[in-house]
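Notes follow once the structure below has been shown.
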Amino acid sequence: VLISHCLCTTKSKVSGFSPRPACEQDLLNVIFENGYGIIQLPCPENRVYGNRRWGQSREQFDNPHFRSQCRKMLIPFIQEIKDYLKNGYRIAAVISVYGSPSCGYSGSFSNTSYGGELCIDTMLLQTDSSHLERTAGIFMYELSNLMEEHGLKIHFADYMEEDPSESIEKILSLLAD
């Protein structure tokens, strides 16, 4: 199972955004109890902007530099996946983070007005226009494209931190296939 970085290491999230102190323990338990190991993907936000970054929207990550950095980070994982598959292993799923502007798959945080100087006026405008868009975050979009380019077919499943039980049910169905 490939898994988004912050599901194993919640400290990589933007400060204050994690509902758990260390990891998504229930999710990891389900994966391990079903006989799967994990391949922890890198956190693109943390790698490019560091741990003391501000929260950002999908639109802020949607630029040539961030996309190229995502692809550079992902190429070794594509090679690793191909090697596992060549040697008879099964990669059951890619587990992403619902709502993440970089690591969401079926939904990502969007705000077209994000940007500019951080002050009370821009913060109010930005808060008013924030929404969840039914599209992949930049990192997962690039992963999906690379997988397609290399002929890899692996299902994606978003983990919803607000409703872990529903997410775990879907992930369990992928592990059972």
Task: Ion pair E142/K72, N-O distance below 4.0 Å - done: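 The answer is no: the pair does not qualify as a salt bridge.
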
Provide the closest heavy-atom pair for [X] versus [Y] in the form atom of the first, atom of the second, distance.
| X | Y | result |
| --- | --- | --- |
| I31 | L175 | CA-CD1, 4.3 Å |
| N51 | S12 | ND2-CA, 3.9 Å |
| P42 | F77 | CD-CE1, 3.3 Å |
| L28 | C23 | CD1-SG, 3.8 Å |
| P44 | C70 | CB-SG, 4.0 Å |
| L85 | Y89 | CD2-O, 3.3 Å |

Task: Same apolar cluster: M73 and I81, side chain cutoff 4.5 Å - done: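 Per the 4.5 Å side-chain linkage, M73 and I81 are co-clustered.
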
Which value, rounded to the nearest 0.5 Å, describes the distance between [X] atom [atom1] and [Y] atom [atom2]?
| X | Y | atom1 | atom2 | answer |
| --- | --- | --- | --- | --- |
| I168 | D26 | CD1 | CG | 5.5 Å |
| E133 | S108 | CD | OG | 6.0 Å |
| L152 | Y84 | CG | OH | 14.5 Å |
| F109 | Q60 | CZ | CD | 8.5 Å |
| S165 | L172 | OG | CG | 11.0 Å |
| L27 | I95 | CG | CD1 | 5.0 Å |

Open item on the list: Testing the 3.5 Å rule here: is there a donor-acceptor pair between the side chains of Q40 and T9?
Closed with: yes

Task: Donor-acceptor pair between S96 and D158 side chains, under 3.5 angstrom - done: yes

TODO: For I38 and C8, run side chain to side chain contact (heavy atoms under 4.5 Å, CB included): C-alpha distance rounded to whole Å, both residues' side-chain angles, the deciding distance at 0.1 Å, then the answer.
DONE: CA-CA 10 Å; I38 61 168; C8 298; 3.5 Å; yes

Atom [atom1] of residue position [X] - does it have more than 12 heavy atoms of other residues, nucleotides or ligands inside 6.0 Å?
| X | atom1 | value |
| --- | --- | --- |
| E149 | CD | yes |
| F66 | CZ | yes |
| F32 | CZ | yes |

- [ ] Apply side chain to side chain contact (heavy atoms under 4.5 Å, CB included) to I75 and list each qualifying residue two or more places apart in sequence or on a separate chain.
- [x]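 Side chain to side chain contact (heavy atoms under 4.5 Å, CB included) check on I75 returns Q79, L146.
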
Open item on the list: Could you work out, with side chain to side chain contact (heavy atoms under 4.5 Å, CB included) as the rule, every residue matching D62, not counting sequence neighbours?
Closed with: R58, R67, I138

Open item on the list: If we ignore hydrogens and angles and just use 3.5 Å, is the side chain of N63 paired with the main-chain N or O of H65 as donor and acceptor?
Closed with: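 Indeed, once roles are kept as given, a pair shorter than 3.5 Å links the two residues.
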
Open item on the list: Test your reading of the model: is there a side-chain donor-acceptor pair from S100 to the backbone of V97, 3.5 Å cut-off?
Closed with: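 No.
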
Task: side chain to side chain contact (heavy atoms under 4.5 Å, CB included) assessment of V1 paired with I91 - done: CA-CA 5 Å; V1 173; I91 309 289; over 6 Å; no

Open item on the list: I'd like to know whether I3 forms a side chain to side chain contact (heavy atoms under 4.5 Å, CB included) with L41, so could you lay out the CA-CA distance, the side-chain angles of the two residues, the decisive distance to 0.1 Å, and finally the verdict.
Closed with: CA-CA 6 Å; I3 190 167; L41 293 167; over 6 Å; no

- [ ] Could you check if a side-chain atom of N111 sits within less than 4.5 angstrom of a side-chain atom of Q56, using non-hydrogen atoms only?
- [x]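 When only atoms from C-beta onward are counted, Q56 and N111 do not touch, as no gap falls below 4.5 Å.
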
Task: pair E166-Y159: side-chain heavy atoms closer than 4.5 Å - done: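 With C-beta onward as the side chain, the pair stays apart.
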
Task: Contact list for residues 78-103, test salt bridge (Lys or Arg N to Asp or Glu O under 4.0 Å), sequence neighbours left out - done: none

Open item on the list: Please evaluate residues L143 and I78 with respect to the criterion side chain to side chain contact (heavy atoms under 4.5 Å, CB included), reporting the C-alpha separation (whole Å), side-chain torsions for both, the decisive distance (0.1 Å), and the verdict.
Closed with: CA-CA 8 Å; L143 175 58; I78 294 295; 4.0 Å; yes

- [ ] Among Y98, Y141, F156, find the residue that satisfies the side-chain contact (heavy atoms from CB on, under 4.5 Å) test when tested with Y105.
- [x] F156

- [ ] Could you point out which residue of H5, E161, E45 forms a side chain to side chain donor-acceptor pair (under 3.5 Å) with K13?
- [x]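 Going through H5, E161, E45 one by one, the side chain to side chain donor-acceptor pair (under 3.5 Å) with K13 is satisfied by E161 alone.
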
Can you name the side chain to side chain donor-acceptor pair (under 3.5 Å) partners of [X], sequence neighbours left out?
| X | result |
| --- | --- |
| R52 | none |
| R47 | none |
| E59 | S57, S110 |

